[in-house]
Amino acid sequence: MKTDVLIIGGGPGGSAAAMFLLKAGINPIILEQEEFPRFHIGESMTGAAAGVLRQLGLEKEMTERKFPLKHGVKVYGAEGTNSWFIPVASRNKQWELVPGVTWQVRRSDFDAMMLEESKKRGAEIIRGRATKVLRADDGKVRGVVMQHPGGRTEEIEAEVVMDCSGMATFLANQRITGPKYIGGYDKQIAFFAHVTGGVRDTGTSGENAKDNTLILYQKKFHWSWFIPVDDEVVSIGVVVPRSRFVESKKTPHQFFLDYMPEICPELARRTRDIELVEKVHVIPNYSYQVQRFCGKGFICIGDAHRFIDPVFSFGLSVAMREAELAVPQVISYLQGERRDAENPFSDHMRFCEQGSDVLEDMVDLFWEQPFAFATFVHQRYRAEMTDVFSGRVYPSEHQPSNAILTFRKMLKRERDYGHEDNYSIPIGSRYQPERDSLWEPDPVVETTEDWLTASNLESQS
Ligand SMILES: Cc1cc2nc3c(=O)[nH]c(=O)nc-3n(C[C@H](O)[C@H](O)[C@H](O)COP(=O)(O)OP(=O)(O)OC[C@H]3O[C@@H](n4cnc5c(N)ncnc54)[C@H](O)[C@@H]3O)c2cc1C
């Protein structure tokens with residue numbers, strides 16, 4: 001089989017990439033290993049993510065399907081006090097902030113809608129798993145070997161492979177990219193489920209809107225999310241350092257139920273009468289960064305190359321925006337530009353990396369200095385922080401802003417984009433430049449089952 005563009009993974013990143021390609025007249029193949037709908041975590045969107053959906057003409061569909069409207073994020077500090085609110089807002093042509101809304105999504109419904117829409121618009125969806133990369137003599141990625149559900153294998157040749165495989169990081173695991181570094185938040189573990197009976201706010205807009213995201217933290221690295229996914233059901237997650245869980249000697253199910261009220265009194269109040277309508281899922285080890293994630297014949301998108309920390313819900317935003325940003329690069333490459341370049345997508349790579357660095361610096365400052373962070377959000381950098389929370393993180397969006405530059409100073413961190421080999425250094429990880437040549441990445445646990453087995457724990461996911 002042959003195609004111009006092969007997309008590995010039919011999650012939101014893959015489907016968004018397909019729809020942008022289709023808009024430009026390219027009919028891609030999406031290779032997806034799972035039958036949709038399937039459960040997935042990542043339910044709260046930024047304003048910028050909603051902007052991508054509007055650009056793809058999906059606003060009407062989102063409204064008709066009644067995805068809950070998010071007006072902003074309310075964060076409850078230690079002990080459930082010091083709450084602060086950041087609204088969703090867009091920027092008009094004069095770069096003035098304009099109030100906005102985005103959506104919360106039950107991922108099984110949203111991802112199925114996105115994949116179905118890609119198919120309706122002309123993408124070919126193939127059920128199966130990419131297992132191996134095909135390379136030309138000069139190293140260029142020229143396609144993959146796939147396995148059909150029945151076990152038969154087949155080659156798919158492509159001018160460009162877009163890796164949208166999420167945390168499976170397909171091309172990185174195949175050693176096509178640069179190394180995959182373990183990130184600063186890899187010792188965390190997240191437990192989550194869908195529940196009924198969660199107590200929401202009751203407003204229709206602004207700070208007390210009923211479908212807003214709530215983030216509640218107890219202390220450094222111990223936090224919880226509360227995200228309404230329909231009129232009845234709320235997604236709740238509890239995230240802690242995994243040592244905290246191992247010490248407890250509890251099953252994931254029991255740990256989730258017992259720890260929720262311990263996060264803070266506010267969460268205890270909101271979850272007193274909940275009932276689980278979905279089993280408790282677990283994700284350990286979720287922080288990593290892949291260097292040189294674009295190259296001859298390939299581009300990695302979203303989680304396929306970097307995941308920082310989900311505390312402020314940026315995953316969907318990054319995946320769909322990177323898809324949008326990559327497509328013009330893919331089109332010009334297909335039209336013959338940069339064909340002989342060592343890395344035809346290096347500008348795109350640097351651009352995306354700068355956006356993710358803004359997020360990393362913000363999240364790191366939040367965990368390192370939460371009180372200073374809350375003050376910046378409230379007072380000194382209110383507009384700049386509204387931009388970041390809304391997903392405006394790229395150089396074309398006035399980033400790094402003065403807020404981010406201040407955070408870098410406070411973190412004693414310099415970012416240098418001057419040289420190809422410098423800019424992607426994973427500062428927020430355990431990477432040590434002086435040890436680089438000796439350093440081998442830790443194996444990131446591939447599946448929750450592997451990790452639970454390794455830890456002698458019962459799998460609940
Ligand atoms: C605890 C936690 C909480 C989170 N909360 C949020 C949140 O509130 N908001 C938010 O925006 N983000 C959140 N995220 C992040 C979010 O889940 C991801 O960023 C988002 O799903 C990325 O989309 P994607 O399309 O890149 O990958 P995915 O959605 O993971 O899709 C990848 C697809 O690729 C397929 N695939 C993988 N390997 C292969 C292969 N070899 N062959 C064929 N198909 C393959 C998979 O089956 C999958 O369908 C959270 C993440 C975690 C860990």
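Residue numbers run from 1 in the order of the sequence given. Keep in mind that this is a model prediction, so the values were computed, not measured. Each ligand, and each atom within it, is numbered from 1 in the order the structure gives.
- Regarding atom 10 (C) of ligand 1, its nearest protein heavy-atom neighbour is Ser44 O, 3.4 Å.
- Here Ile8 has side-chain heavy atoms under 4.0 Å from ligand 1, and that is the only part of it that gets that close.
- In terms of protein heavy atoms, atom 51 (C) of ligand 1 is closest to Phe307 CZ, 3.4 Å.
- Of the candidates Met320, Arg107, His305, Glu322, the one placing a heavy atom closest to atom 29 (O) of ligand 1 is Arg107.
- For the pair Ile41 and ligand 1, the shortest N or O to N or O distance falls below 3.5 Å.
- Distance from atom 53 (C) of ligand 1 to its nearest protein heavy atom, with residue and atom name: Met167 CE, 3.7 Å.
- Close contacts of ligand 1 with Gly166, meaning ligand atoms under 4.0 Å from a residue heavy atom, involve 27 (O), 30 (O), 32 (C).
- You'll find the side chain of His71 stays beyond 4.5 Å of the side chain of Thr102, heavy atoms only.
- At a heavy-atom cutoff of 4.0 Å, ligand 1 is contacted by the side chain of Phe36 but not by its backbone.
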Check the pair Gln188, Ser287 against side-chain contact (heavy atoms from CB on, under 4.5 Å), reporting the backbone distance first and the verdict last.
CA-CA 9 Å; Gln188 295 288 90; Ser287 181; over 6 Å; no
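- Distance from atom 48 (C) of ligand 1 to its nearest protein heavy atom, with residue and atom name: Glu32 OE1, 3.5 Å.
- Residue, atom and distance of the protein heavy atom nearest to atom 5 (N) of ligand 1 are Gly42 CA, 3.5 Å.
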For a side-chain hydrogen bond (donor to acceptor under 3.5 Å, both in side chains) check, start with the C-alpha distance between Lys187 and Ser243, then their side-chain angles and the critical distance, and finish with the verdict.
CA-CA 8 Å; Lys187 291 189 164 56; Ser243 55; over 6 Å; no
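- Among all protein heavy atoms, the one lying closest to atom 37 (C) of ligand 1 is Ser165 O, 3.3 Å.
- Nearest-residue assignment for atom 42 (N) of ligand 1 (options Gly11, Ala130, Ala168, Pro310; heavy-atom criterion): Ala130.
- Tyr217 pairs with exactly one of Phe226, Tyr76, Phe366, Trp225 by the ring-ring contact (aromatic ring centres under 6.0 Å, His included) rule, that one being Phe366.
- Nearest to atom 32 (C) of ligand 1 by heavy atom, out of Cys164, Gly9, Gly128, is Cys164.
- The distance from ligand 1 to the heavy atoms of Pro12 drops below 4.0 Å at these ligand atoms: 25 (O), 29 (O).
- Shortest contact from atom 11 (O) of ligand 1 to any protein heavy atom: Leu316 N, 2.7 Å.
- Between Gln399 and Gln354, the side chains place no donor N or O within less than 3.5 Å of an acceptor N or O (distance only, hydrogens not considered).
- If you look at His194 and Phe39, their ring centroids are closer than 6.0 Å.
- Figure legend: cation-pi geometry between Arg107 and Phe110 absent, as NZ or CZ is not positioned both under 6.0 Å from the six-membered ring centre and within 45° of its axis.
- At a heavy-atom cutoff of 4.0 Å, ligand 1 is contacted by the backbone of Glu43 but not by its side chain.
- Using 4.0 Å as the threshold, Glu34 has a heavy atom nearer than that to some atom of ligand 1.
- Near Ile227, meaning under 4.0 Å from one of its heavy atoms, ligand 1 places the atoms 8 (O).
- Ligand 1 places these atoms under 4.0 Å from at least one heavy atom of Trp225: 1 (C), 3 (C).
- Here Thr46 has no heavy atoms under 4.0 Å from ligand 1, in either its backbone or its side chain.
- The ligand atoms of ligand 1 that sit less than 4.0 angstrom from a heavy atom of Gly315 are 10 (C), 11 (O), 12 (N), 15 (C), 19 (O).
- For a threshold of 3.5 Å applied to N or O pairs, the pair formed by Ile283 and ligand 1 contains no separation below that value.
- With hydrogens left out, the protein atom closest to atom 18 (C) of ligand 1 is Asp303 OD2, 3.1 Å, a heavy atom.
- Near Leu31, meaning under 4.0 Å from one of its heavy atoms, ligand 1 places the atoms 43 (C), 44 (N).
- Open room surrounds NZ on Lys2; 12 or fewer heavy atoms of other groups in view lie less than 6.0 Å from it.
- Between Phe256 and Phe192, the gap from one ring centroid to the other reaches at least 6.0 Å.
- Using a 3.5 Å distance cut-off with no hydrogens or angles, the side chains of Tyr181 and Gln291 do pair a donor with an acceptor.
- A heavy-atom separation below 4.0 Å is not found between Gly237 and ligand 1.
- Between Ala190 and ligand 1, not a single N/O pair is under 3.5 Å apart.
- Residue Ala319 touches ligand 1 through its side chain alone, judged by heavy-atom distances below 4.0 Å.
- A cation-pi contact links Lys180 to Tyr288, judged by a cut-off of 6.0 Å to the six-membered ring centre and 45° from its axis.
- Heavy atoms of Arg38 come nearer than 4.0 angstrom to ligand 1 in at least one pair.
- Ligand 1 has no N or O atom lying under 3.5 Å from any N or O atom of Arg129, backbone or side chain.
- Taking the six-membered ring for Trp and the full ring otherwise, Tyr185 and Phe221 have centroids separated by under 6.0 Å.
- Residue contacts with ligand 1: Ser317 is placed with no nitrogen or oxygen under 3.5 Å of a nitrogen or oxygen of the ligand (distance criterion only).
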